Amino acid sequence: MRVLHNTALAGLLCCLVPIVAARGAEFDQRALSRLAAPPLGLPPVPIPADNPPGAAKIALGRKLFFDRRLSRNGTMSCGICHVPEQGFTNNELARPIGTEGRSLRRNAPGLFNVAYAERLFHDGRETRLETQVISPLLARVEMDNPSIGYVIARIESLPDYAGRFEAVFGGGPTIGRLGDAIASYERSLLSGNSPFDRWHFAGEEQALSRQARAGFDLFTGKAGCSACHRIDDEDALFTDHRFHDTGVGYHNSKVRPKAQAAVPVEIAPGFRVEVSRATLETIGLPPASDLGRHEVTLEPDDLWRFKTPGLRNVALTAPYMHDGSMATLEAVVRFYDRGAIAHAGLDPLIHPLGLSDLEVAALVAFLESLTGDNVPELIADARSVAVGN
């Protein structure tokens with residue numbers, strides 16, 4: 001019976017392979033369609049002339065994105081920190097855990113609409129999706145590869161990549177082609193046509209609730225959110241692509257190390273215990289310093305400044321802020337309502353808002369209205385990949 005069972009299973013798998021391949025090809029074509037005609041609310045996609053999109057290139061990039069074998073010990077992939085079902089970030093951790101349990105300094109940015117990012121990472125140290133992948137591949141706390149050559153040799157040793165780069169690029173794997181492929185997949189993660197878009201850009205009056213409409217008025221008026229999270233006449237990326245000091249980095253560097261109060265630690269869902277600072281300091285390494293944009297430019301004015309994130313699908317991408325220190329959208333709104341964390345470098349656009357509880361709830365409702373209608377499709381697209389085939 002065992003032999004018959006295995007034979008039957010093998011036959012079933014042989015039948016499924018063409019179906020899976022056909023389904024993957026369908027997702028690749030949809031990805032190309034999104035790039036050619038972005039969803040409502042999004043502008044035309046900036047595509048570099050030296051890396052035009054292609055179905056086979058997107059498929060290769062998707063496979064690489066989810067392949068744990070690209071890390072030194074075979075445990076980490078891009079998709080481990082950017083989980084499709086969790087808004088292409090990680091809802092469960094303020095800051096991701098990399099190779100061998102090493103903690104990262106910053107929250108994993110969500111990847112919806114990353115095609116429009118003018119600078120990448122919270123400090124903006126990269127300017128192209130094509131080169132962004134190099135840093136995580138080599139970072140000791142992330143994928144921990146000793147060199148680019150090591151990564152390329154690993155890919156060349158894997159049978160399921162035989163001929164894949166040649167078919168797409170006309171030559172074998174290189175770091176440039178690796179970056180081009182992954183960037184092509186990431187660039188296709190476009191999500192719009194949200195209730196807000198249908199109301200604001202398509203004129204569907206009933207697409208947005210009365211509460212969310214009140215939140216929009218606050219967002220663009222009293223609360224001043226749109227000063228940094230821009231809404232243009234024909235589209236909206238909800239970012240000014242600039243860097244701002246909200247006080248979070250300052251607090252982590254200057255205030256938190258001196259704090260003596262006990263820290264609430266969640267040891268089970270919904271159950272927290274108070275742990276003394278002295279006890280916490282005996283566990284692991286002390287938090288690494290994070291000077292934000294200053295680490296890139298070395299300019300004094302850039303100390304503790306971080307990139308303005310876009311807000312599309314923001315209801316799906318908790319926790320928030322560059323360090324993942326805020327668990328809910330309400331916590332973020334109340335943080336800005338208090339005027340953030342006052343100090344000498346605080347961005348002048350930030351000040352106490354004087355919001356009522358009803359106004360806080362309205363702003364949250366507006367932010368929740370920014371979720372695109374194709375998120376399930378993008379998740380299914382991501383999970384169509386079969387690493388090892």
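What you see is a predicted model; the values in this text were computed from it and never measured.
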- Begin from the C-alpha positions of R213 and E205 and carry the test salt bridge (charged side-chain N to carboxylate O under 4.0 Å, His left out) through to its verdict. CA-CA 10 Å; R213 277 178 269 169; E205 190 64 24; 3.1 Å; yes
- Message: Would you say that Y116 contacts P38 through its side chain, given a criterion of any heavy-atom pair below 4.5 Å between the two side chains?
- Response: yes
- Should the pair K307-D240 be classified as a salt bridge under the 4.0 Å nitrogen-to-oxygen rule? no
- Task: May I ask you to say whether E118 pairs ionically with R242, meaning some side-chain N is under 4.0 Å from a carboxylate O?
- Result: no
- Message: So that I can tick it off, tell me whether R312 and D197 are bridged by a salt bridge, with the cut-off set at under 4.0 angstrom between side-chain N and carboxylate O.
- Response: yes
- Query: If you look at every heavy atom in A362 and Q211, which pair is closest and at what distance?
  - Reply: CB-O, 3.6 Å
- Item | Residues clustered with V141, ILVMFWY side-chain links under 4.5 angstrom | L104
- Item | Student check: side-chain heavy atoms of R187 and E130 closer than 4.5 Å | yes
- If only atom types and distance count, is the side chain of H351 paired as donor or acceptor with the main-chain N or O of G339 below 3.5 Å? no
- Query: Does NZ or CZ of R62 fall inside the cone over F65's six-membered ring, less than 6.0 Å from its centre and within 45° of the axis?
  - Reply: no
- Message: Under 6.0 Å from the ring centre and within 45 degrees of the ring axis: does the NZ or CZ of K57 meet both conditions for the six-membered ring of F165?
- Response: no
- Aromatic rings F219 and H229: how do their planes relate, parallel, tilted or perpendicular, breaks at 30° and 60°? tilted
- Query: Do D302 and R305 sit within salt-bridge range, that is, some charged N less than 4.0 Å from a carboxylate O?
  - Reply: yes
- Item | Side chain to side chain, L346 and Y250, heavy atoms closer than 4.5 Å | no
- Message: Salt bridge check, D217 against K222: does any charged N sit closer than 4.0 Å to a carboxylate O?
- Response: no
- Message: Which heavy atom of E295 sits nearest to which heavy atom of S289, and what is that distance?
- Response: OE2-O, 4.1 Å
- Note on the structure: Interatomic distance, CD1@I148 vs OG1@T174, rounded to 0.5 Å, equals 10.0 Å
- Query: Hey, are the side chains of F243 and W304 touching, using non-hydrogen atoms and a 4.5 Å cut-off?
  - Reply: no
- Message: Applying side chain to side chain donor-acceptor pair (under 3.5 Å), can you list everything that pairs with D233, at least two apart in sequence or on another chain?
- Response: none
- Residues R105 and D323 bridged, charged N to O under 4.0 Å: no
- Message: Please find the pair of heavy atoms, one from I58 and one from A31, that lie closest to each other, and give the distance.
- Response: CD1-CB, 3.9 Å
- Do D67 and I155 come close enough that some side-chain heavy atom pair is under 4.5 Å? no
- Message: What's the separation between atom CG in N313 and atom CG in N374, rounded to the nearest 0.5 Å?
- Response: 7.5 Å
- Query: Which atoms form the tightest heavy-atom contact between L70 and N145, and what is the distance?
  - Reply: O-ND2, 2.7 Å
- Considering only heavy atoms from C-beta outward, does the side chain of K63 approach that of D160 to under 4.5 Å? yes
- Query: Checking side-chain contact (heavy atoms from CB on, under 4.5 Å) for the pair W199/E204: CA distance, chi angles, key distance, verdict?
  - Reply: CA-CA 5 Å; W199 171 74; E204 296 181 21; 5.6 Å; no
- Message: Between F216 and C225, is there a side-chain heavy-atom distance shorter than 4.5 Å?
- Response: no
- Message: Quick test of your reading of the model: are R119 and E126 salt-bridged, counting only N-O distances below 4.0 Å?
- Response: no
- What distance do N107 atom CG and L93 atom CG have between them, rounded to the nearest 0.5 Å? 9.5 Å
- Message: Could you report the tightest heavy-atom contact between P53 and I47, atom names first, then the distance?
- Response: CD-CG2, 3.7 Å
- Salt bridge R230-D232, side-chain N to carboxylate O under 4.0 Å: yes
- Message: Within a 6.0 Å radius of atom CD on E274, are there more than 12 heavy atoms belonging to other residues, nucleotides or ligands?
- Response: yes
- What do the steps show when you test R95 against S103 for side-chain contact (heavy atoms from CB on, under 4.5 Å), and what is the final call? CA-CA 7 Å; R95 295 171 298 281; S103 296; 5.9 Å; no
- Task: Please report the shortest heavy-atom distance between P136 and V133, naming the atom on each side.
- Result: CD-O, 3.1 Å
- R198 backbone acceptor or donor facing H200 side chain under 3.5 Å: no
- Task: Find out if a path of hydrophobic residues (ILVMFWY) with successive side-chain heavy-atom gaps under 4.5 Å connects I350 to F238.
- Result: yes
- NZ/NE/NH1/NH2 to OD/OE distance under 4.0 Å, R293 and D245: no
- Message: Do C81 and E142 have side chains that approach each other closer than 4.5 Å (heavy atoms only, starting at C-beta)?
- Response: no
- Message: How long is the straight-line distance from CG of N252 back to CG of L291, given to the nearest 0.5 Å?
- Response: 11.0 Å
